[in-house]
Structures are given as structure tokens and as C-alpha cells.
Amino acid sequence: MKVLPFQIPKPENSALIVQEDIEFEFYNKLHQHDEIQISYVVKGEGTILVGDTINNFNTGDLIVLGNNLPHVFKSIENRKEKSHMITLFFTKQSFGNHFFDLKELSESSSFFNQAKHGFKISKTKKEIVLLFDKIKKASKLERFILFLELLLQLTKTSSKSLSSFIYEKKYTQIEGKRMRAIFDYTLKNYSDPISLDNIADVASMTKNAFCKYFKKRTNKTYFRFLNEIRIAHACKIIAQEKETTLAEISFVCGFRNVSNFNRQFKAIKNCSPSYYRKK
């Protein structure tokens with residue numbers, strides 16, 4: 001399997017691809033593909049990195065990712081149960097170059113605009129869950145009809161954007177491997193001290209070249225990105241472990257003092273950790 005770009009296995013003469021993943025971990029390598037992706041998380045939880053931003057995913061989430069949008073799902077380690085996800089893949093040209101330009105489908109334009117940055121449905125409706133159940137077992141014609149119904153539902157449901165900045169150029173294979181190495185190292189080691197020397201070595205670049213390279217492709221500094229990952233994990237622990245103190249959480253997530261943890265948390269979440277816990 002290639003890292004970037006990633007080739008979706010495509011059955012012959014299929015415009016709409018349905019993929020069901022039942023694994024302890026979803027495909028956890030940074031990748032992008034030409035297809036738009038609509039994923040329903042039947043069971044599982046972890047973090048998802050989309051473009052320049054880290055988010056959490058949980059059972060029942062519905063996530064849409066635009067074409068060539070770099071992303072990686074990172075399931076919680078040491079799960080005792082397998083994760084389960086159903087995904088639809090398609091391109092805007094899957095049904096003909098101008099299919100979605102038809103007046104009858106003008107409502108779908110908002111879906112495609114949102115998909116560029118990726119989005120997560122705020123609260124997955126029962127109707128959407130039922131559509132995914134039906135799509136798995138449907139014939140090709142039935143699947144196409146159900147897909148159009150799903151698209152209509154998604155245009156009418158409130159959602160949250162998953163990324164604030166998208167690098168316009170498609171990553172080359174070399175760039176993909178470099179960004180994958182950076183993200184993999186960060187996701188595995190965010191709880192430990194990471195210096196500019198460390199991460200520049202991972203990218204096989206000088207410190208100055210690395211800073212410019214990363215900022216150009218994510219529109220943020222590496223250490224802003226690192227702190228966002230740490231805070232995302234802190235939020236998950238705060239929500240799930242009521243008895244763990246904020247000081248303990250700050251240390252587990254890579255902060256060496258509570259005052260810096262509080263400062264970075266407020267800068268990223270616009271509130272203090274204690275207020276977040278109460279809320």
C-alpha cells in the first residue's frame with residue numbers, strides 16, 4: 001500500500017465503493033485519495049488527524065473527508081474489542097462529469113464545499129444510521145438511490161468543520177512519507193519532551209528548513225500543532241476520568257508544569273481546563 005497517494009481498491013464498473021472495516025485499528029497511516037469519503041463509526045474511538053487539525057472520534061460519529069485531504073485515524077491502543085466502520089467512497093465525477101451540476105442536485109453544493117475541509121455531523125440521526133445499514137446489503141441500483149438520500153440528509157444536518165487550513169497542492173510520494181513520519185512520531189511521542197532537533201531529524205531536514213516546510217503545509221508552527229494534539233488528548237481524559245486531577249492529566253499529556261498546561265489549554269479551547277471539566 002502506498003502512503004501518499006493511497007489507492008482505494010475499486011471493483012470493476014463501480015462508481016460507488018462500499019468498504020466495511022472491522023479491525024482493532026483502522027488504517028492508521030497518513031494518506032490521501034482521489035475519492036470523497038463518508039464514514040460511519042459503528043464502534044470505536046480515538047483521534048483523527050485531518051489536514052492541520054486533531055479531533056476525537058467516537059462510536060456513532062459520521063465523518064466526511066474531501067478528496068485528497070490528508071488524514072489518519074488513530075484508534076485507542078490496547079482495545080479489547082474490534083473497531084467497526086462503514087465507508088462510502090466516490091468522486092464528483094463517479095456518475096458523469098456534470099452529474100452534480102444538474103439543477104435537481106443544486107442542494108448538494110453545500111456538501112461538497114464543506115467536504116473540502118472535512119466535517120463531522122454534530123449528532124448522527126437515526127435516519128442516517130438506517131441508510132448505512134441498508135447500503136451494506138443493497139444492489140447497485142438500490143445503493144445509488146440510498147446514496148442520494150444520504151447526501152440529502154447530510155445537507156440538512158448541522159456539522160462541525162474538521163480542519164481550518166488545507167494545503168492546496170497534492171502531496172508527492174516523498175512529501176507524503178515525510179509528513180507521515182512527522183505525524184507518526186508526534187502521535188506516538190506527544191507525552192514526552194519533543195525538541196526542534198528531534199523532529200527536524202525525523203524529517204531529515206535542518207531546523208530552519210523544517211520550520212518553513214511545516215508552516216507552509218499546515219499554516220501553523222510545529223509546536224502549536226504538538227500542543228493541539230496534547231490538548232485533544234487532555235480533553236478526552238478530562239471527559240472520561242473524573243477522578244484524575246488536572247495536574248496528573250497535564251503530565252500524562254506532555255506538559256511539564258500545570259501553568260503551561262493551563263495557558264496552552266486556554267489558547268486552544270478558549271477556556272480553562274477546570275471550566276471545561278465542569279461544562
**Request:** Could you walk me through whether Leu150 and Leu88 pass side chain to side chain contact (heavy atoms under 4.5 Å, CB included), step by step?
**Result:** CA-CA 11 Å; Leu150 174 64; Leu88 304 181; 3.5 Å; yes
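- Distance CD1/Ile54 to OG/Ser163: 11.0 Å, rounded to 0.5 Å.
- For the residue pair Ser195/Asp197, the side-chain donor-acceptor check at 3.5 Å is not satisfied.
- Taking the side chain as every heavy atom from C-beta outward, Gln264 and Arg230 never approach each other to under 4.5 Å.
- Taking the side chain as every heavy atom from C-beta outward, Phe210 and Ile199 approach each other to under 4.5 Å.
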**Request:** Could you give me the CA-CA distance, side-chain angles and deciding distance for Leu226 and Thr186, then say whether side chain to side chain contact (heavy atoms under 4.5 Å, CB included) is met?
**Result:** CA-CA 7 Å; Leu226 172 60; Thr186 306; 3.8 Å; yes
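- With ring centers used as reference points, Phe265 lies 6.0 Å or more from Phe255.
- Lys120 places a side-chain N or O within 3.5 Å of a backbone atom of Asn56 that can act as its donor or acceptor partner.
- A distance-only check finds no donor-acceptor pair linking the side chain of Glu45 to the backbone of Asn58 [under 3.5 Å].
- Between the side chain of Arg180 and the backbone N or O of Leu30, no donor-acceptor pair lies under 3.5 Å.
- Between the side chain of His33 and the backbone N or O of His31 there is no donor-acceptor pair closer than 3.5 Å.
- Counting heavy atoms from C-beta outward, Met179 and Tyr213 have side chains that approach closer than 4.5 Å.
- With values rounded to the nearest 0.5 angstrom, Thr53 atom OG1 is found 10.5 Å from Ile229 atom CD1.
- Considering CG of Leu131 and NZ of Lys125, their distance stands at 11.0 Å, rounded to 0.5 Å.
- For the residue pair Asn260 and Arg263, a side-chain donor N or O sits within less than 3.5 Å of a side-chain acceptor on the partner.
- A distance of 4.5 Å separates CZ in Arg256 from CZ in Phe251, rounded to the nearest 0.5 Å.
- Residues His117 and Ser161 share a closest heavy-atom pair of CB-OG, 3.8 Å.
- Formation of a donor-acceptor pair under 3.5 Å by the Asn55 side chain with backbone atoms of Leu162 is found in this model.
- To the nearest 0.5 angstrom, Lys92 atom NZ is 7.0 Å from Ser108 atom OG.
- Using a 4.5 Å cut-off on side-chain heavy atoms (C-beta onward), Leu62 and Val129 make no contact.
- Scanning all heavy atoms of the two residues, the minimum distance from Arg143 to Ala138 falls at NH2-O, 3.6 Å.
- Aromatic ring centres of Phe100 and Phe111: separated by at least 6.0 Å.
- In this structure, Ile48 and Asp61 have side chains that are not in contact, with every pair of non-hydrogen atoms separated by 4.5 Å or more.
- You'll find the side chain of His84 stays beyond 4.5 Å of the side chain of Thr59, heavy atoms only.
- Atom NE2 of His98 sits about 9.0 Å away from atom CD of Gln93, to the nearest 0.5 Å.
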**Request:** In sequence, state the C-alpha distance, the side-chain angles, and the governing distance for Cys211 and Leu196, and then conclude on side chain to side chain contact (heavy atoms under 4.5 Å, CB included).
**Result:** CA-CA 9 Å; Cys211 290; Leu196 187 54; 3.8 Å; yes
**Prompt:** Are Phe225 and Phe183 close enough, and set up right, to give a ring-ring contact (aromatic ring centres under 6.0 Å, His included), and what steps lead you there?
**Reply:** CA-CA 10 Å; Phe225 170 74; Phe183 289 159; 5.1 Å; yes
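- Looking at Leu246 and Ser274, their side chains come closer than 4.5 Å, going by heavy atoms from C-beta outward.
- When side chains are defined from C-beta on, Thr157 does not count as touching Thr124, because their heavy atoms never get closer than 4.5 Å.
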